[in-house]
Amino acid sequence: MKRCLIVTGGGDCPGLNAVIRAVVKRASKERDWEIVGSIEAFNGILREPTEIVILDEKKVEGIHYRGGTIIQTTNRGGPFAWPIKNKDGTWSTVDRSEEMLRKMQYLGIDAVINIGGDGSQRISKQLFDMGCNIIGVPKTIDNDLSATDFTFGFQTAVQIATEAVDKLVTTAASHNRVMILEVMGRYAGWIALNAAIAGGAEICLLPEFPYDINKVLDNVNQRFERNRGFVNIVISESARAIGKDYTTLSEKEIGNEHRRLGGVANVLMHELKEAGCEHSIRTTVLGHLQRGGIPIAYDRILATQFGVKAFEMVLNNEFGKMVSYRHPNIVSVSLEEVLKQPKLVEADASLMNTARGVGIHFGD
Ligand code: F6P
């Protein structure tokens, strides 16, 4: 019997369970493969005692529409940067990758399917270079991987953000207010841009294009006549005014490579007030609601396609690659290609043209 290990790493994301189910179902057609899952990304392998679970058809029954991941995840640490607490209370990290590969060999693992975003795929590449038979599956609500048209989870996040705009417009119109909605996306503005178009927002502020607060204010004022009017603004969590830095919540978490972004909606509210905005402003931070709950049908389908393809890549020994969606096909790309550059919104992107075409203002 051969063993394939599934790992889910990074932030949870709608559709993770649909990938797991698809891998298991596709593998069940082959007689000689067993699928196991490591609990909490690679931590399940690294921990003593080892935490891995057998994933059979019974275990994955009906999980395609469940949010989160049945094998849990983490965006802290990992085999190359395992956090350890020093005697003086400070933290440092150690590389446990070689030890982990030895343990995987001992556990009889022949192949690994690593489902995750850029950080996870960097780990995939490093492990592949060390001889691990690994395949990546792209996951992130941010849709910031350039090697695939879409990652699963993104459309669900856009749907949730759009529903938020739909709800906020009611209050904006009833109270003649400026309503600011802060959405996730890390350093890419895809969720904000899509939700602004779908929700009919008037202003959209993206990380890719630092805004001029006076221009934002001018645009807000144009929407009001003698204090009657309203504005819906969608702002991406790492958007910022020209010359300013990202808004972060706190210092980095131990073992988390990223700064925690958040709070920019309030920053924008204060900037508008300081610039002279006299209208009533309210802010909403959508936060992790964008990652929770059931995946929409689109993401379940994409996740299922990714899962089937990933296992077929295992069967074909296509290691060192990531599953990718290149409309209309599910293909594979080298992990090297995956890590080249993030997919950010470009000024000449077709969606930007659409947004400007319907009058959305970008603070420029
Ligand atoms: O990458 C997905 C994402 O949800 C980003 O959009 C966001 O900045 C980050 O993760 C939040 O991470 P955490 O769950 O650690 O707060």
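Ligands are counted one by one from 1 in listed order, and the atoms in each one are counted from 1 as well. Keep in mind it's a predicted model, so treat the numbers as computed, not measured. Only heavy atoms go into these numbers, but all of them, side chains included; no hydrogens, no water, no symmetry mates.
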Examine the side chains of E163 and Q159 and answer whether a donor and an acceptor come within less than 3.5 Å of each other. yes
Does I113 share a hydrophobic cluster with V308, counting links as ILVMFWY side-chain heavy atoms below 4.5 Å and allowing steps through other members? no
Sidechain N-carboxylate O distance under 4.0 Å for D12, R291: yes
Can I get a per-line list of side-chain donor-acceptor pairs under 3.5 Å for residues 350-358, giving both atom names and the distance, sequence neighbours left out?
| residue | atom | partner | partner atom | Å |
| --- | --- | --- | --- | --- |
| T354 | OG1 | S350 | O | 3.1 |
| R356 | NH1 | D364 | OD1 | 3.4 |
| R356 | NH2 | D364 | OD2 | 2.7 |

Transitive ILVMFWY cluster of V178 at side-chain heavy atoms under 4.5 Å: who else is in it? I180, I203, L205, Y211, I213, V216, L217, V220, F224, V231, I233, I235, V264, L268, M269, L272, I281
Could you list each N/O atom of ligand 1 together with any protein N/O atom closer than 3.5 Å, one pair per line with the distance?
| residue | atom | partner | partner atom | Å |
| --- | --- | --- | --- | --- |
| ligand 1 | 1 (O) | D142 | OD2 | 2.7 |
| ligand 1 | 1 (O) | R186 | NH2 | 3.1 |
| ligand 1 | 4 (O) | R291 | NH1 | 2.9 |
| ligand 1 | 6 (O) | D142 | OD1 | 2.7 |
| ligand 1 | 6 (O) | G185 | N | 3.1 |
| ligand 1 | 6 (O) | E237 | OE2 | 3.3 |
| ligand 1 | 8 (O) | E237 | OE1 | 3.3 |
| ligand 1 | 8 (O) | E237 | OE2 | 2.6 |
| ligand 1 | 10 (O) | R291 | NH1 | 3.1 |
| ligand 1 | 14 (O) | H288 | NE2 | 2.8 |
| ligand 1 | 14 (O) | R291 | NH1 | 3.0 |
| ligand 1 | 14 (O) | R291 | NH2 | 3.0 |
| ligand 1 | 15 (O) | N75 | ND2 | 2.9 |
| ligand 1 | 16 (O) | H288 | NE2 | 3.1 |

Among residues at least two apart in sequence or on other chains, which ones pass salt bridge (Lys or Arg N to Asp or Glu O under 4.0 Å) with R3? E34
